[in-house]
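Throughout, protein chains are lettered first and strands after them, A, B, ... in sequence-line order, and every chain is numbered starting at 1.
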2 protein chains.
Amino acid sequence: MKISTKGRYALRLMVDLAEHQNGDPVPLKEVAERQEISSKYAESIMAILSKGDLVIAERGKSGGYRLSRDPSSYTVGEILTLTEGSLHPVACLEEGARCPREGNCRTLAMWQRLDRMLAEFFNGVTIEDLIEKEDWSDYVI
Amino acid sequence: MKISTKGRYALRLMVDLAEHQNGDPVPLKEVAERQEISSKYAESIMAILSKGDLVIAERGKSGGYRLSRDPSSYTVGEILTLTEGSLHPVACLEEGARCPREGNCRTLAMWQRLDRMLAEFFNGVTIEDLIEKEDWSDYVI
DNA sequence: ACAATTACCTACCAATCCAGTAGGAAAAAA
DNA sequence: TTTTTTCCTACTGGATTGGTAGGTAATTGT
């Protein structure tokens, strides 16, 4: 039950791009240094974000990455789904998965409830929220 | 971001024990068969529950396992914590972990909020709930 | 034109976790 | 004393995690 570094770092890379956007693309090296993530590892994560069209890459000198949309339009859910593969907390709720015992499983309903709760949480938080929001103590989904 | 089979099966073993308690200990073989879990694997999971004092084991003929307390007193949270090791969704929130970047991490507060939400969810559901509760659609933590 | 800078690509690695399985020893009751 | 049960140690193949290494392709500033 853990979000891996890949997903966590992806969020930080996205936040960093959002905070440092000025029209020009931001080189990965700068982002990685600010976030204290090895640039090689950051590179492999940024590649996922780029292939998923969450960021736009520009090669060559004075190239780098930039967000493709407004920070407020990115949800934490979509970033984590892309990098982690899925946000379902149990295998039985995976896309296309069907448990043969689902008819008499006493735990399935609880997992479904949790699944919905997580989806609502993750899809309710945006990159902009991560930057702006100071106090999360009263945040309710 | 997955609860492993160990945790999921542990819940089902506990529910099965709760549903079939009649004063006598229930042999693991029966539980495993009903739950369609290989008895060898079920054995290794039950050993964890036994060492954690969530169930009482009785050896020898006519032995087996029984719950040590009332089903309503077991929370899903304690069972998963025992079997999964922890329920914290990110490594930075682990017991004793301290991230050196915590002062300027834009994601920490969100993780803390999620952590609290998960704890409240898991500690709010009991084995009895798993057996009794039909409709979870309106369940709120 | 060319050197510098950037993203892109393939391949590799050690360590850990996952989901079990195998084979017996110890305890207790019938 | 046989049978039934839990308990214990060890093993395993495969996947995932958290990276690293080294080179290729594109683009631009000089």
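Rounded to a whole Å, the CE atom of B:M46 is 17 Å from the C1' atom of D:dC8. Note: CD1 (A:I45) to C1' (D:dT17) measures 11 Å, nearest angstrom. Rounded to an integer number of Å, the gap from B:E43 CD to D:dC8 P is 11 Å. Spacing between atom CD1 of A:I3 and atom P of D:dT16 amounts to 16 Å, rounded to whole angstrom units. Across the protein-nucleic acid pair, B:K29 atom NZ and D:dT6 atom P stand 11 Å apart, rounded to whole Å. Remark: C1' of D:dT6 and CG of B:L13 are 15 Å apart, rounded to the nearest angstrom. Rounded to whole Å, atom C1' of D:dT17 lies 17 Å from atom CE of B:M1. In this structure, OH of B:Y41 is placed 15 Å from C1' of D:dC11, rounded to the nearest angstrom.
Other residues, nucleotides and ligands place more than 12 heavy atoms under 6.0 Å from the NZ atom of B:K2.
Both B:K40 and A:R8 sit near DNA chain D, but only B:K40 has its closest nucleotide nearer the 5' end. Both B:S44 and A:L28 lie near DNA chain C, and the one whose nearest nucleotide falls closer to the 5' end is A:L28.
Counting distance only, with no hydrogens placed and no angle test, the side-chain atoms of A:K6 and the base atoms of D:dG19 include no donor-acceptor pair under 3.5 Å.
Linking Ile, Leu, Val, Met, Phe, Trp and Tyr residues whenever their side-chain heavy atoms come within less than 4.5 Å places A:I131 and A:I79 in a single cluster.
Interface limits on DNA chain C: the 5'-most and 3'-most nucleotides within less than 4.0 Å of chain A heavy atoms are C:dA4 to C:dC9.
Side-chain contact between B:I56 and B:Y65 is absent, with no heavy-atom pair separated by less than 4.5 Å. No side-chain heavy atom of B:S39 sits under 4.5 Å from any side-chain heavy atom of B:E33. Residues B:M1 and A:H88 fail the side-chain proximity criterion, which asks for heavy atoms closer than 4.5 Å.
Side-chain N/O atoms of A:S86 and A:E95 include no donor and acceptor closer than 3.5 Å. Side chains of A:Y9 and A:S44: no donor on one and acceptor on the other come within 3.5 Å.
Residue-level contact check: B:K2 touches neither bases nor backbone, having no heavy atom under 4.0 Å from any strand.
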Could you go through the side chain to side chain contact (heavy atoms under 4.5 Å, CB included) check for B:Q21 and B:V26 one step at a time? CA-CA 7 Å; B:Q21 61 186 342; B:V26 186; 5.7 Å; no
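Annotation: proximity of residues 54-71 of chain B to DNA chain C (heavy atom, distance under 4.0 Å) is found for B:R59, B:G60, B:K61, B:S62, numbered in ascending order.
Exactly one residue among B:K29, B:R34, B:R66 makes a salt bridge (Lys or Arg N to Asp or Glu O under 4.0 Å) with B:D16. That residue is B:R34.
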